[in-house]
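Source: prediction; values computed, not measured. Keep in mind that the numbers below use all heavy atoms, side chains included, and drop hydrogens, waters and symmetry copies. Along the sequence shown, residues are numbered consecutively beginning with 1.
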Amino acid sequence: MNILSSKRKKQRFFLWASSTFLLLLVSFIPVRLMVAYHQAPLPQAILTLGGGIDREKFTAEFAQNHPKLDIWVSSGIPPLNAGAIFAAADIPEQRVYLDYDAVDTVTNFTTMVADFRRRNIQHVYLITSDFHMPRAKAIAYIVFGSQGIAFTPITVPSNRPPESSLRIARDAGRSLLWLVTGRTGASLNPRYSALTTRREQG
């Protein structure tokens, strides 16, 4: 009985300690975002989340009105197609960075963090479809916010219904996992295995 009681006490302590640690980590996010918005009140780059050709087309038009901003597209349409869209909009090739490391929405953000921090980017326009934006914002708040990167959402209109609260909560949880462990759980995604295989082969 004493052994069982001791185990329960350890479990409760571990749960309390973990919850406290996570709460402390998350509590710093609003402060870091406030500092980022103060230091970079205007976006310094454009980040588009892949998921349909309409997002690249929208981004090309949007970028015409923001000629000083570089563009990152995370795991969007194939490079030749994307390049043609930006070229048709007279967007110089050197402004566009096509990144294909992400396999899902969480990794859209986690794979961009190091590059943005290296370039001292503290504020980005975040472009994705309207139905997808609530989940993207939840992830961005945790992943980008924890790294002092602010974001201004820009939605691409669509005819699709909003994503479920369950999907948003799941990816918010994965973002918290990344914040604590540096892992996102993306290795469970079949696309992750395929991407890893392609890298090893090429």
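- Residues that satisfy the ring-ring contact (aromatic ring centres under 6.0 Å, His included) test with Phe86, not counting sequence neighbours, are absent from this structure.
- The hydrophobic cluster containing Ile85, built from Ile/Leu/Val/Met/Phe/Trp/Tyr side-chain heavy atoms closer than 4.5 Å, also comprises Ile53, Ile77.
- The list of salt bridge (Lys or Arg N to Asp or Glu O under 4.0 Å) pairs with a residue in residues 112-130, not counting sequence neighbours, reads Asp115-Arg118, Asp115-Arg119.
- Identified under the salt bridge (Lys or Arg N to Asp or Glu O under 4.0 Å) test for residues 63-74, with sequence neighbours left out: none.
- Residues Tyr125 and Leu69 meet the side-chain proximity criterion, which asks for heavy atoms closer than 4.5 Å.
- Listed by chain and residue number, Asn108 satisfy the side chain to side chain donor-acceptor pair (under 3.5 Å) test with Ser74 (two or more places apart in sequence, or in another chain).
- Sorted by first and then second residue, the salt bridge (Lys or Arg N to Asp or Glu O under 4.0 Å) pairs involving residues 147-171 (not counting sequence neighbours) are Arg135-Glu163, Arg135-Asp171, Glu163-Arg167, Asp171-Arg174.
- With sequence neighbours excluded, the residues forming a side chain to side chain donor-acceptor pair (under 3.5 Å) with Thr152 are His123, listed by chain and number.
- Partners of His132 under the side chain to side chain donor-acceptor pair (under 3.5 Å) rule, at least two apart in sequence or in another chain, are Thr105, Thr128.
- Remark: side-chain polar atoms of Ser129 are not paired, donor with acceptor, to backbone N or O of Phe131 under 3.5 angstrom.
- Sorted by first and then second residue, the salt bridge (Lys or Arg N to Asp or Glu O under 4.0 Å) pairs with a member in residues 38-64 form an empty list; sequence neighbours excluded.
- For residues 85-97, no pair satisfies side chain to side chain donor-acceptor pair (under 3.5 Å), with sequence neighbours left out.
- Under the side chain to side chain donor-acceptor pair (under 3.5 Å) criterion, the residue pairs touching residues 37-53 are Gln39-Gln122, Thr48-Thr59, with sequence neighbours excluded.
- Under the side-chain contact (heavy atoms from CB on, under 4.5 Å) criterion, Ala84 pairs with no residue at all, not counting sequence neighbours.
- A ring-centre distance under 6.0 Å is found for Trp72 and Phe116.
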